[in-house]
Engineer: 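Pasting a structure here, questions to come.
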Amino acid sequence: MVSALVPTGRAAGRSRLTVMKDSKSQDAILTVVLLIGVYEGVMPFVAKLFGWHPVLALPLLLPDPTWWIVSSSVIVVALTLLMGMDADRKRHQPEA
């Protein structure tokens, strides 16, 4: 996520970060963020609803009132990262 940003030598008043140039790397990072968001954010809610016990859904290991807060936070962070990275990619690569 932050690894997609590399420092540049711009002036002090401007942003000092730019997006990676390789679109395959950007797609890979977007895919990882999406998978983590779905498996750690959405999967615990679905698992509780249907009584499943997924192995790697780590929020389900937390006590009952906190797992849904953690899962909701993962969903919000993943959506924020996905929207921000996608908007930045479209700004720098209009043909994508």
Side-chain angles (χ1 to χ4, degrees):
M1 300 37 103
V2 176
S3 63
L5 304 173
V6 292
T8 62
R10 290 188 175 176
R14 295 183 165 184
S15 174
R16 300 195 64 192
L17 298 174
T18 186
V19 176
M20 291 175 14
K21 303 290 185 206
D22 187 19
S23 65
K24 288 184 181 181
S25 297
Q26 292 173 349
D27 291 340
I29 293 171
L30 285 171
T31 303
V32 169
V33 170
L34 178 67
L35 289 175
I36 290 173
V38 168
Y39 204 81
E40 299 298 332
V42 177
M43 180 62 78
F45 289 107
V46 175
K48 284 286 188 174
L49 183 65
F50 292 112
W52 299 339
H53 301 288
V55 176
L56 294 176
L58 299 178
L60 290 177
L61 300 176
L62 296 172
D64 206 19
T66 58
W67 72 264
W68 63 270
I69 296 171
V70 172
S71 294
S72 301
S73 300
V74 168
I75 292 171
V76 169
V77 169
L79 285 176
T80 303
L81 286 172
L82 287 172
M83 291 187 323
M85 290 172 67
D86 191 48
D88 199 40
R89 181 178 64 167
K90 287 180 182 176
R91 183 174 62 233
H92 290 288
Q93 298 174 355
E95 70 276 355

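Quick note: numbers below take in every heavy atom, side chains included, and nothing from hydrogens, waters or symmetry partners. A quick note: this is a predicted structure, and the numbers were derived from the prediction, not measured.
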Engineer: Same cluster or not: are V77 and V33 linked, directly or through other Ile, Leu, Val, Met, Phe, Trp or Tyr residues, by side-chain heavy atoms under 4.5 angstrom apart?
Structural biologist: yes
Engineer: Distance-only check: which donor-acceptor pairs under 3.5 Å involve side-chain atoms of residues 41-58, not counting sequence neighbours?
Structural biologist:
none

Engineer: What is the minimum heavy-atom distance between L62 and V70, and which atoms define it?
Structural biologist: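 Taking L62 first and V70 second, the nearest heavy atoms are CD1-CG2, 3.5 Å.
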Engineer: How far does CG of L81 sit from CG of L34, to the nearest 0.5 angstrom?
Structural biologist: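 The CG atom of L81 sits 11.5 Å away from the CG atom of L34.
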Engineer: Just so I know, are the side chains of V76 and T80 near enough to count as touching, which here means a heavy-atom distance under 4.5 Å?
Structural biologist: yes
Engineer: Spell out, yes or no, whether L79 and W68 are grouped together once hydrophobic residues are joined by side-chain heavy atoms under 4.5 Å, including indirect joins.
Structural biologist: yes
Engineer: Do L60 and I69 land in one hydrophobic cluster if side-chain heavy atoms of ILVMFWY residues count as linked below 4.5 Å?
Structural biologist: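 Same cluster: L60 reaches I69 through Ile, Leu, Val, Met, Phe, Trp or Tyr contacts under 4.5 Å.
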Engineer: How long is the straight-line distance from OH of Y39 back to OG of S71, given to the nearest 0.5 Å?
Structural biologist: 12.0 Å
Engineer: What is the minimum heavy-atom distance between T31 and D27, and which atoms define it?
Structural biologist: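 The answer is OG1-O, 2.8 Å.
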